[in-house]
Amino acid sequence: MATKTAQGLEILLTRDQIAERVCQMGEQITADLAGEKLVMVGVLKGAAPFLSDLARSITVDATFDFVAVKSYAKGSRTSSGAVKLIKDLDEPIEGKNVLIVEDILDTGLTLTYLRKIFLQHHPKSLRIAALLDKPSRRVEQIEADYVGFSIPNLFVIGYGMDYSERYRNLPDICLMPPDTP
Ligand code: IMP
Ligand code: MG
């Protein structure tokens with residue numbers, strides 16, 4: 001198994017490992033929501049590849065919606081704590097089963113903010129699926145209902161995740177070289 005990409009980036013999770021785990025998550029979500037309808041809400045832009053794969057491994061009747069948030073960055077790798085909604089839901093979620101689909105749960109600020117505003121709309125249920133979890137970075141007390149992989153405090157790129165908007169299209173999840181400015 002290759003540990004580096006053609007560009008020389010170190011691979012943390014291969015496309016095969018991701019595919020296998022996303023399938024398992026989909027099966028779990030399908031079992032938990034048996035007979036129910038689901039609204040999958042992707043957090044743009046990073047969650048797009050994960051939502052796309054996860055949705056195809058879920059067999060319950062599902063629709064998609066998307067939100068976008070901005071967290072005020074001090075540096076490219078850290079956020080200041082302020083989160084703002086820059087694209088709201090297209091459809092009301094009142095009375096619906098909602099699954100927030102996020103690429104990575106880091107400090108927890110983004111998902112704490114989204115959970116709070118979604119709950120104000122009184123969904124029937126609200127769950128969170130995060131492909132990656134960095135529990136050591138948590139600032140807000142929040143856990144996802146479904147986690148793909150728990151990882152140490154490393155900055156990752158690929159499979160939707162970016163560094164200054166680049167690398168989202170890498171098929172594997174790679175480590176950002178630490179010497180990058
Ligand atoms: P939180 O609000 O700190 O939990 O941040 C979540 C968001 O920060 C994620 O949706 C990502 O957009 C971004 N993020 C956190 N860690 C990483 C990383 O290692 N690589 C790329 N983006 C990250
Ligand atoms: Mg994100």
Side-chain angles (χ1 to χ4, degrees), residues 3-5 7-15 17-18 21-22 25 29 39-55 64-89 98-120 126-181:
T3 54
K4 290 212 168 175
T5 65
Q7 302 99 306
L9 294 165
E10 197 179 326
I11 298 176
L12 179 69
L13 295 161
T14 65
R15 62 198 80 181
Q17 289 174 304
I18 299 166
R21 185 72 189 113
V22 171
M25 295 175 82
I29 294 164
V39 185
M40 300 181 71
V41 179
V43 184
L44 294 171
K45 305 169 196 163
F50 176 43
L51 183 137
S52 165
D53 287 341
L54 184 65
F64 295 173
D65 207 336
F66 293 93
V67 292
V69 293
K70 191 172 169 58
S71 51
Y72 289 93
K74 278 181 188 152
S76 306
R77 296 181 192 223
T78 54
S79 71
S80 63
V83 182
K84 185 183 156 194
L85 194 68
I86 55 172
K87 188 223 164 285
D88 204 345
L89 293 163
V98 175
L99 179 69
I100 305 178
V101 181
E102 173 65 308
D103 51 4
I104 179 161
L105 175 53
D106 186 30
T107 63
L109 291 162
T110 304
L111 282 169
T112 298
Y113 171 81
L114 286 176
R115 183 174 63 179
K116 183 173 155 222
I117 58 172
F118 284 13
L119 285 175
Q120 289 166 359
L126 182 63
R127 294 176 170 84
I128 295 172
L131 179 65
L132 302 182
D133 185 9
K134 284 192 219 172
S136 66
R137 293 257 308 156
R138 205 75 90 249
V139 171
E140 292 283 351
Q141 282 277 333
I142 185 163
E143 298 304 328
D145 301 274
Y146 309 98
V147 171
F149 303 92
S150 188
I151 63 166
N153 182 15
L154 299 166
F155 197 86
V156 293
I157 49 176
Y159 197 71
M161 287 165 285
D162 73 309
Y163 178 70
S164 297
E165 295 301 324
R166 296 178 61 205
Y167 307 108
R168 293 193 195 274
N169 61 324
L170 292 174
D172 308 293
I173 295 176
C174 300
L175 297 182
M176 190 64 207
D179 50 355
T180 310

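In listed order, ligands and their atoms are each counted from 1.
- With distances taken over non-hydrogen atoms, the option nearest atom 17 (C) of ligand 1 out of Lys134, Met161, Lys45 is Lys134.
- Note on ligand 1: Gly108 sits in its first shell, one or more heavy atoms being nearer than 4.0 Å.
- If you check each of Thr107, Leu12, Asp103 against atom 3 (O) of ligand 1, the one with the closest non-hydrogen atom is Thr107.
- Listed by number with element, the atoms of ligand 1 under 4.0 Å from a non-hydrogen atom of Thr110 are 1 (P), 2 (O), 5 (O), 6 (C).
- Within the structure, the closest approach of Leu154 to ligand 1 falls below 4.0 Å when heavy atoms are considered.
- Checked against a 3.5 angstrom limit, the closest N/O atoms of Leu105 and ligand 1 fall outside it.
- Take Ala144 and apply the side-chain contact (heavy atoms from CB on, under 4.5 Å) test, not counting sequence neighbours, and it matches Leu105, Ile128, Ala130, Val147.
- Not a single donor-acceptor pair under 3.5 Å links the side chain of Asp65 to the backbone N or O of Val41.
- Within the 4.0 Å heavy-atom criterion, neither part of Met176 lies near ligand 1.
- Residues forming a side-chain contact (heavy atoms from CB on, under 4.5 Å) with Asn153 (at least two apart in sequence, or on another chain): Lys134, Ser136, Arg137.
- Ligand-side atoms of ligand 1 in range of Leu109: 2 (O), 4 (O), range being under 4.0 angstrom from any heavy atom.
- The backbone N or O of Asp106 lies less than 3.5 Å from a partner atom in the side chain of Arg138, making a donor-acceptor pair.
- Heavy-atom proximity to Asp162, at under 4.0 Å, picks out these atoms of ligand 1: 21 (C).
- When side chains are defined from C-beta on, Leu132 counts as touching Met161, because their heavy atoms get closer than 4.5 Å.
- Looking at heavy atoms from C-beta onward, Gln7 lies in side-chain contact with Leu170 at the 4.5 angstrom threshold.
- Counting only distance, with no hydrogens or angles, the side chain of Tyr113 and the backbone of Leu85 share a donor-acceptor pair below 3.5 Å.
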